[in-house]
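Below you'll find the structure, written out as structure tokens, and then a few comments.
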Amino acid sequence: MIHPMRPVIVAGNWKMHTTPAEAGDLARTIGARTRVDGVTRVLCPPFVCLAAVGAAVSGPEVAAPDGTGIAVGAQDVHHELAGAYTGSTSAAMLAGLATWTIVGHSERRRDDCETDEQIGRKLLAARSAGLRVILCVGEQLADRDAGRAVSVVDRQVRGCLAAADPGALGADADGPRLTIAYEPVWAIGTGRNARGADAAEMAGAIRAALASLGFANAGEDIPILYGGSVSSANIDEFMTEPSIDGALVGGASLKPDEMAGIVARAGLTAQGRAAGLASRRKRRP
Ligand code: PEP
């Protein structure tokens, strides 16, 4: 089922790529080439590039015809609000530089041994500063091969959201406070993407977990993205699944041609949803 209020989102995770000068140029180029109505675009550069990207996307040259601009997101946030954490960045430090943040990316789970409990604390810290959160979950290849993919992701969703108040994570007038990115670890940076049907099955499992945690509308209000080797050649596989609301894009998000193709295809889904909503409204007595 397509929820009438769920936005279509394309978020780019630039990982540890670009200097501030390169990031500003790249953001300007991507912005000018992705001016498509109905798609929420989020660029997540490295921390030190946030200001440059924010400046680059502040002008009308990157706005879609409907006036929507580009949002800037961080790739991570510390779980404490302040303290003796050398080299770390708090949510309060990000406010003003970013309006979104990723938490729980599998590269941080792997390299920094982040736990679901800690990721849940990051989510709460981010929300306390008003940041919109993209929470990443996803199974390892061994889990999928062993038939454990759904149970692993279910556990991650429950673990990360155990301390959260579902009532405080719905959308506000400007967008979703919480978005979940299903990113099977074996598909990230490998060129091997999941099938759309598998991503849709996982979206169903994630929404079932959200429902049992007390999220309104059986979790149907929360956007779910697919991530893992998304490109302009395979984005349709995911955008044709009604339960999938967009993509978290890694490698391809550094390539303007790829981002132009991905956002254009996502725009077709957004426009199709808007038309469906309009005709449903018209039919209503
Ligand atoms: C990611 O970093 O979140 C990601 C999905 O990477 P890639 O698209 O390169 O697989």
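For the numbers below, each heavy atom of this structure counts, side chains included, while hydrogens, waters and symmetry mates do not. Both ligands and their constituent atoms are indexed starting at 1 by order of listing.
No option in Thr179, Val8, Val230, Ile180 other than Thr179 meets the side-chain contact (heavy atoms from CB on, under 4.5 Å) test with Leu225.
At a threshold of 4.0 Å, the pair Asp76-Lys122 counts as salt-bridged, since one of the basic side-chain nitrogens sits closer than that to a carboxylate oxygen. Electrostatic pairing of Asp257 and Arg33 counts as a salt bridge here, judged by a charged N lying under 4.0 Å from a carboxylate O. Ion pairing between Arg35 and Asp66 fails under the 4.0 Å rule for side-chain N and carboxylate O.
Counting the atoms of ligand 1 from 1 in the order shown, those under 4.0 Å from a heavy atom of Gly189 are 7 (P), 9 (O), 10 (O). Residue contact check: Ser229 has heavy atoms under 4.0 Å from atoms 7 (P), 8 (O), 10 (O) of ligand 1. For ligand 1, the atoms closer than 4.0 angstrom to any heavy atom of Gly228 are 5 (C), 10 (O).
Of all the heavy atoms of Ile188, the ones lying under 4.0 Å from any atom of ligand 1 are found in both the backbone and the side chain. Heavy atoms of Ala187 found under 4.0 angstrom from ligand 1 belong exclusively to the backbone.
For ligand 1, none of its N or O atoms has an N or O atom of Thr190 under 3.5 Å away. In terms of N/O distances under 3.5 Å, ligand 1 is approached by His105. Residue Gly251 has at least one N or O atom closer than 3.5 Å to an N or O atom of ligand 1. Polar contact with ligand 1: absent for Ala252 (N/O pair, distance under 3.5 Å).
Taking every heavy atom of both residues into account, Asn234 and Ser229 meet most closely at ND2-O, 2.8 Å.
Other residues, nucleotides and ligands place more than 12 heavy atoms under 6.0 Å from the NZ atom of Lys15.
Tyr182 and Gln156 form no side-chain donor-acceptor contact under 3.5 Å, judged by distance and modelled atom types alone.
Here the shortest heavy-atom distance to atom 8 (O) of ligand 1, taken over Ser106, Gly250, Ala181, belongs to Gly250.
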